[in-house]
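Contents: one structure, followed by commentary.
None of the values given here were measured: they were computed from a predicted structure.
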Amino acid sequence: MSQFWKPGTERPQGRVVDDEEGGVLFLSGSHHSSSSSRYGYASIDKQRQRLPVFKYRTAILYLVETRATTIIVGETGSGKTTQIPQYLKEAGWAAGGRLIACTQPRRLAVQAVASRVAEEMGVKLGEEVGYTIRFEDVTKPDVTVLKFLTDGVLLREMMDDPLLTKYSVIMLDEAHERSISTDILLGLLKKIQRRRPELRLIISSATIEAKSMSDFFRMRKKRREPENEEHGLQVEPVILSVEGRGFNVQINYSEEPVQDYVQAAVSTVLLIHEREPAGDVLVFLTGQDDIDASVQLLNDEVQTTGKHSSGLIVLPLYSGLSRAEQELVFSQAPRGKRKVIISTNIAETSLTLEGIVYVVDSGFSKQRFYNPISDIENLVVAPISRASARQRAGRAGRVRPGKCYRLYTEEYFLNHMSNEGIPEIQRSSMVSCVIQVLDDDAKLTSPTGFQVAEIPLDPMVSKMIIASSQLGCSEEIITIAAVLSVQSIWISGRGIQKESDEAKLRFAAAEGDHVTFLNVYKGFHQSGKSSQWCHKNYVNYHAMRKVLEVREQLKRIAKRIGLVLKSCESDMQVVRKAVTAGFFANACHLEEYSHNGMYKTLRGSQEVYIHPSSVLFRVNPKWVIYNSLVSTDRQYMRNVITIDPSCLLEAAPHFYQLQQSNHLLR
DNA sequence: GAGCACTGC
């Protein structure tokens with residue numbers, strides 16, 4: 001362990017200041033604000049040196065060498081994500097066959113950063129610089145030394161290598177977003193540090209959470225491991241702050257509380273357009289309904305009172321849009337026109353829009369909440385946190401000084417908004433990730449429990465796949481699992497409702513949605529995977545490509561864990577059995593006296609209804625199993641299949657024994 | 001006869 005090669009680094013010039021609580025250091029470099037000149041014809045090296053993070057290069061390397069954990073607070077545009085991994089490599093942290101890892105919460109960011117770094121280093125992507133995301137491993141063993149990956153992938157790598165021995169440094173980027181995977185990684189990495197004192201962590205976080213990150217990684221003095229001290233390694237974490245390249249954003253608050261934020265957003269946009277100089281506008285609302293409504297209102301305004309609002313190009317932005325519609329948002333507005341983008345939270349973290357000068361912030365977003373008693377996840381419109389509000393405002397200052405209009409009062413911002421949002425881990429069901437982090441004492445059943453943990457899907461889906469291997473219908477079940485993993489394989493939208501409903505009926509199977517998916521997949525396959533075929537049948541071609549991709553991945557995993565790949569041809573009875581084996585806990589029985597299609601769940605007797613998008617809507621079979629619940633004014637079951645109640649006992653005698661003795665199984 | 005903020009393995 002002690003043979004690990006440590007690169008020698010000079011002590012930096014800057015000041016190292018001890019925090020009064022001991023341990024936490026702020027290292028203040030010289031704060032010459034770098035000019036924000038655009039990349040001109042400068043060489044890549046020159047460009048790299050112009051980034052704000054460059055003048056902290058020595059400091060960062062010094063801290064990484066001498067501290068187990070370094071926390072970097074970097075604003076957007078500091079260059080930390082692309083530069084720090086390169087500094088580490090230049091300093092020798094990738095020598096001796098070790099790797100440097102840099103994680104991101106999102107796949108797209110992983111790909112983008114990796115290709116940028118490969119370009120800067122002048123190497124081919126997938127050689128010295130590579131990346132890994134689910135379904136895509138662009139790395140070369142023994143060649144790749146800088147590896148970018150999603151935090152979910154790193155978590156999964158821990159299943160095979162719990163101490164992550166091949167990495168010398170792990171940088172967790174965007175840790176302030178507190179995704180479930182990031183949070184679990186933070187916890188596990190802290191444990192790994194005790195066993196691997198030579199491992200270095202870099203946590204990149206936004207200002208506000210930096211202190212709590214540092215507190216988390218500070219080891220208690222009593223429990224400090226003596227061997228770490230012998231290493232000459234300081235176990236107390238350190239915080240280093242790197243300035244960004246953002247411009248000042250002037251904040252304007254509403255003077256009175258706003259009654260209707262859609263209306264207020266529309267008026268504000270019109271006011272900006274009337275009074276403010278050129279520059280695009282970004283409006284944050286909560287969801288598709290709000291956004292479509294305000295796009296409509298603004299366009300009506302453009303039509304009726306052409307004078308004020310001519311020159312406005314109004315564009316919606318949310319994840320449900322087609323690719324072509326999303327791309328419109330990135331195109332530059334014609335000269336003399338002002339672009340107004342009305343968006344969900346997608347523009348707060350996932351997408352970066354250039355040219356935004358004005359931001360209108362409704363103060364709300366849709367957030368997931370989980371009720372562990374009913375085991376139901378809900379999507380609710382809720383106030384955002386101050387951290388979110390700052391993030392939204394920051395979107396106005398990327399190209400030049402901007403303005404942010406908050407549709408709430410300053411008093412509300414200061415006294416009623418929470419400082420930080422509730423981390424995702426506290427708002428979600430943990431079924432999918434808990435199985436990954438159980439240790440040897442967790443008593444996973446053999447072999448099923450271990451196989452379930454190997455498949456990167458919800459445990460119920462995994463169980464269904466494993467059962468299908470024994471039932472001889474794994475080809476079909478893997479197709480169903482792949483379809484369930486994409487959002488929707490149907491094209492939907494205004495104006496084509498009737499046609500798409502009719503198209504769906506052509507594939508409808510009496511057994512329910514799962515078998516309907518098989519029919520669609522069969523048709524798609526027989527058409528030669530044709531996009532025209534999809535178009536004609538109101539099937540989403542991009543979704544079907546994704547289904548193919550996921551399907552191949554699942555087949556590979558199935559083979560690896562020793563499952564039998566076999567088709568049951570047209571025997572849908574075994575398909576239903578396999579679905580039941582996975583989803584027995586979601587069984588429901590029709591309450592016949594109710595005459596309105598009300599079902600009750602066997603587990604918990606909750607009132608549920610078949611979702612109108614299901615092929616079994618209004619068919620109301622006596623016994624069904626659902627894939628998931630959507631919670632609105634009612635609880636709707638999405639993706640439903642008919643079952644035989646005797647299969648329930650067969651599939652899960654341990655689960656339904658009690659119910660049977662209570663005569664709940666009729 | 002209803003609707004899906006955003007991610008991820």
Side chain of A/Arg107 (C-beta onward), nearest among B/dC4, B/dG1, B/dG8
B/dG8

Measure distances between side-chain N and O atoms of A/Asp292 and base N and O atoms of B/dG3, and say whether any donor-acceptor pair falls under 3.5 Å.
no

Restricting to ring pair (Phe, Tyr, Trp, His ring centres under 6.0 Å), what partner residues turn up for A/Tyr521, sequence neighbours left out?
A/His525

Ignoring the backbone of A/Thr344, work out which of B/dC9, B/dA2, B/dC6 is nearest its side chain.
B/dC6

Considering only NZ, NE, NH1 and NH2 on the basic side and carboxylate oxygens on the acidic side, decide whether A/Glu157 and A/Lys147 come within less than 4.0 Å.
yes

Nearest to the A/Arg618 side chain among B/dG1, B/dC9, B/dC6, which nucleotide is it?
B/dG1

Counting just side-chain N and O atoms, does A/Ser488 come under 4.0 Å of either OP1 or OP2 of B/dC4?
no

For atom CZ of A/Arg392 and atom C1' of B/dC6, their distance in whole Å:
12 Å

Distance, rounded to the nearest Å, where A/Glu177 contributes CD and B/dG8 contributes C1'
12 Å

To the nearest angstrom, how far is A/Ile346 atom CD1 from B/dG8 atom P?
11 Å

To the nearest Å, how far apart are A/Arg368 CZ and B/dC6 P?
12 Å

note: A/Glu424, atom CD; B/dA5, atom P; distance rounded to Å ~ 16 Å

For B/dG3 and A/Arg638 - does any side-chain N or O of the residue sit under 4.0 Å from the phosphate oxygens OP1/OP2?
no

Against the side chain of A/Arg106, the closest entry in B/dC9, B/dA2, B/dT7 is B/dT7

Rounded distance in Å - CD1 (A/Ile455) to C1' (B/dG8):
17 Å

Have a look at A/Val381 and say if it touches a base, only the backbone sugar-phosphate, or nothing, with a 4.0 Å heavy-atom cut-off.
nothing

Start at the 5' end of DNA chain B and walk down; is the nucleotide closest to A/Leu457 or to A/Leu317 reached first?
A/Leu317

Once rounded to the nearest 0.5 Å, what's the spacing between atom OG1 of A/Thr479 and atom NZ of A/Lys555?
8.5 Å

Nearest whole angstrom, please: distance from the P of B/dG3 to the CG of A/Leu629.
14 Å

A/Asp501 side chain, from C-beta outward: closest of B/dC9, B/dC4, B/dA2:
B/dA2

Out of B/dA2, B/dA5, B/dC9, which has the shortest distance to the side chain of A/Lys366?
B/dA5

Residues passing the ring pair (Phe, Tyr, Trp, His ring centres under 6.0 Å) test with A/Tyr609, sequence neighbours excluded, are none

Out of B/dC9, B/dT7, B/dA2, which nucleotide sits closest to the side chain of A/Arg134?
B/dC9

By nearest atom, which of the nucleotides B/dA2, B/dG8, B/dC4 is closest to the A/Thr150 side chain?
B/dG8

Test: A/Arg406 cationic atom under 6.0 Å from A/Phe413 six-membered ring centre, within 45° of axis:
yes

In Å, rounded to the nearest 0.5 Å, how long is the span from CD1 of A/Ile203 to CG of A/Leu172?
4.5 Å

Take atom CG of A/Asn639 and atom C1' of B/dG3, then tell me their distance rounded to the nearest Å.
14 Å

